[in-house]
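Read the structure below first, then the notes.
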Amino acid sequence: MTKTRSSRRRLPGPARRKAKRKKSAGARRQSEAYLAGWRAAYPLGLSYGRRVGACEAVAGGAAAKMTEARVWPVRLLFVVSGQGDPYAAIERGLLASLKPLVAEVIAVSPFDNVVQTAMNAKPDLVLVFNGLNYVHGDTVQAIRDSGIRTAVWFTDDPYYADLSGDIALRYDVAFTQEISCVEFYRNLGCPEVHYLPLGVAESIYRPVRAAAGFHTDICFLGSGYRNRIALFDELAPYVAGKKTLIAGRWWERLQRYDMLREAIRGDEDWLSPADTCAYYNGAKIVINYHRAYDDDEINANRRRLPALSPNPRTFEIAACGAFQIVDAREDLARFYVPGQEIETFSSAEELAAKLDYYLANEEARCRIALNGLARTFREHTYRSRLQALLTLAFGP
């Protein structure tokens, strides 16, 4: 038999009022929790949205001002390093930027028959990227003997100068990303040497909307070399109290590893370019600390040639519109104005003070990051670098 409304059991009046009050209190607590969460999150979301919008406007404006590129009527044979990431990501960006600049580009691996490919294609230039491994001297000599011009672009100078010095002598032209190595190669007897720094592929590293999981206060991506270990051991008490990410290999060597354990992601040697870009975009501050030129644990640089020029991370971070603090290398001011387009440090104490200041000063942080982004898209893309390379190789 179906119960009528009047026959349904109802709570007595006092119990009903108590249940209603309990329900109202629960709803009120939920509402208060929602409002508290909204008040905490809204300014963060608003701030991040403004930053992303400003970065996209700067990047879009730079793209709109980009003039049509000159095309050199030449054929290039580009020999990749064969070393995987991070070189492979750089090579993808280089090749994408190179193709519109020349009549034809042929990309080969050093594990292919490079000599036969060169004989068949008869390129105007064979360009070997990095060149420290896999491309043998006999290969280069056979190509030169056939009358084809050869060039190498060193990308790890001066860290392996003990090896690169002999390799450079095999080529007609040597390009180096390190200013201190230009005279080194010339003094060895290399017939033609040019300074050609690395840059960035803006198709890979650019402003994007990073998901919440990529957001940090402080971000450092890179291997735990000895000088970096020493720096973060000093910084540990400070960065441990922030939302910090440290990603890369060898960080278990930290003396204060337990203090930073939650911040360290050491599950893979190299993050993908997409994840790297997202972490840069999601960070309030990205620290960039170059490896030391005199670290014999990882280097082959007995001559102690100094490292003065910036690494590719400098340009990749800036291209994401991220605020960057980097150790003050001598050649850095050629690319960015410290205090206006990038920030620098020379000690752990100075770095901690600047981290503290810029975390509390969003406006200054964003202004410098946007200036760095604009400078990068104007001057430091691989399109610009390759235009310089082609001008040096074939004339203006």
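Every heavy atom of this structure was used, including side-chain atoms; hydrogens, water molecules and symmetry mates were not. Heads up: numbering here begins at 1 and tracks the sequence.
- Between the side chain of Thr391 and the backbone N or O of Pro396 there is no donor-acceptor pair closer than 3.5 Å.
- The stretch residues 190-201 participates, sequence neighbours left out, in these side-chain hydrogen bond (donor to acceptor under 3.5 Å, both in side chains) pairs: Arg149-Glu192, Glu192-His194, Tyr195-Ser309, Tyr195-Asp331.
- Remark: the backbone N or O of Tyr293 is paired with a side-chain donor or acceptor of Asn301 at under 3.5 angstrom.
- Put simply, CD1 on Ile218 and NZ on Lys243 are 12.5 Å apart, with the number rounded to the nearest 0.5 Å.
- The CD1 atom of Ile167 sits 11.0 Å away from the CG atom of Asp162 when rounded to the nearest 0.5 Å.
- Expressed to the nearest 0.5 Å, how far CG of Asn120 lies from CD1 of Ile106 amounts to 9.0 Å.
- Between the side chains of Glu178 and Thr176, no donor-acceptor pair is found at a separation under 3.5 Å.
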Steps toward side chain to side chain donor-acceptor pair (under 3.5 Å) verdict (Tyr87, Asp156): CA-CA 10 Å; Tyr87 304 95; Asp156 276 324; 2.4 Å; yes

Donor-acceptor pairs are to be reported for all side-chain atoms of residues 318-325 against protein atoms at under 3.5 Å, with residues two or more places apart or in another chain.
unit_1, atom_1, unit_2, atom_2, d
Gln324, OE1, Asn288, ND2, 3.0
Gln324, NE2, Thr314, O, 3.1

Criterion side-chain contact (heavy atoms from CB on, under 4.5 Å) on Gln255 and Ile229, from CA distance to verdict: CA-CA 8 Å; Gln255 291 183 17; Ile229 293 291; over 6 Å; no

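- When side chains are defined from C-beta on, Phe175 counts as touching Leu392, because their heavy atoms get closer than 4.5 Å.
- Residues satisfying the ring pair (Phe, Tyr, Trp, His ring centres under 6.0 Å) criterion with Tyr289, sequence neighbours excluded, are Phe345.
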Working for ring pair (Phe, Tyr, Trp, His ring centres under 6.0 Å), residues Phe335 and Phe315: CA-CA 9 Å; Phe335 304 94; Phe315 308 110; 5.4 Å; yes

Worked verdict on Val135 versus Tyr171 for side-chain contact (heavy atoms from CB on, under 4.5 Å): CA-CA 12 Å; Val135 180; Tyr171 292 84; 3.8 Å; yes

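- Not a single ring pair (Phe, Tyr, Trp, His ring centres under 6.0 Å) links Tyr257 to another residue, sequence neighbours left out.
- A distance of 8.0 Å separates CG of Asn299 from CZ of Arg304, quoted to the nearest 0.5 Å.
- For the atom pair CG of Asp296 and CG of Asp294, the computed distance is 7.5 Å after rounding to the nearest 0.5 Å.
- The NE2 atom of His380 lies 4.5 Å from the CZ atom of Arg375; values are rounded to the nearest 0.5 Å.
- A salt bridge between Glu316 and Arg313 is absent, with no side-chain N of the basic residue lying under 4.0 Å from a carboxylate O of the acidic one.
- Applying the ring pair (Phe, Tyr, Trp, His ring centres under 6.0 Å) criterion to Tyr185, with sequence neighbours excluded, gives Phe154.
- The shortest distance between side-chain heavy atoms of Phe129 and Gln83 does not fall below 4.5 Å.
- Side-chain contact between Tyr382 and Leu198: present, with at least one pair of heavy atoms (C-beta onward) separated by less than 4.5 Å.
- The closest donor-acceptor contact from the side chain of Asp124 to the backbone of Pro73 lies at 3.5 Å or more, if one exists at all.
- The closest side-chain heavy-atom distance from Thr381 to Ser384 is below 4.5 Å.
- Leu359 and Phe232 fall within a single hydrophobic cluster, where Ile, Leu, Val, Met, Phe, Trp and Tyr side chains are chained together by heavy-atom contacts under 4.5 Å.
- Asn371 places no side-chain N or O within 3.5 Å of a backbone atom of Ile342 that could act as its donor or acceptor partner.
- Using a 4.5 Å heavy-atom threshold, the side chains of Phe394 and Leu125 count as touching.
- Side-chain N/O atoms of Asn311 and Arg291 include no donor and acceptor closer than 3.5 Å.
- Residues satisfying the ring pair (Phe, Tyr, Trp, His ring centres under 6.0 Å) test with Trp72, not counting sequence neighbours, are none.
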Working for side-chain contact (heavy atoms from CB on, under 4.5 Å), residues Val239 and Met259: CA-CA 9 Å; Val239 300; Met259 187 179 291; over 6 Å; no

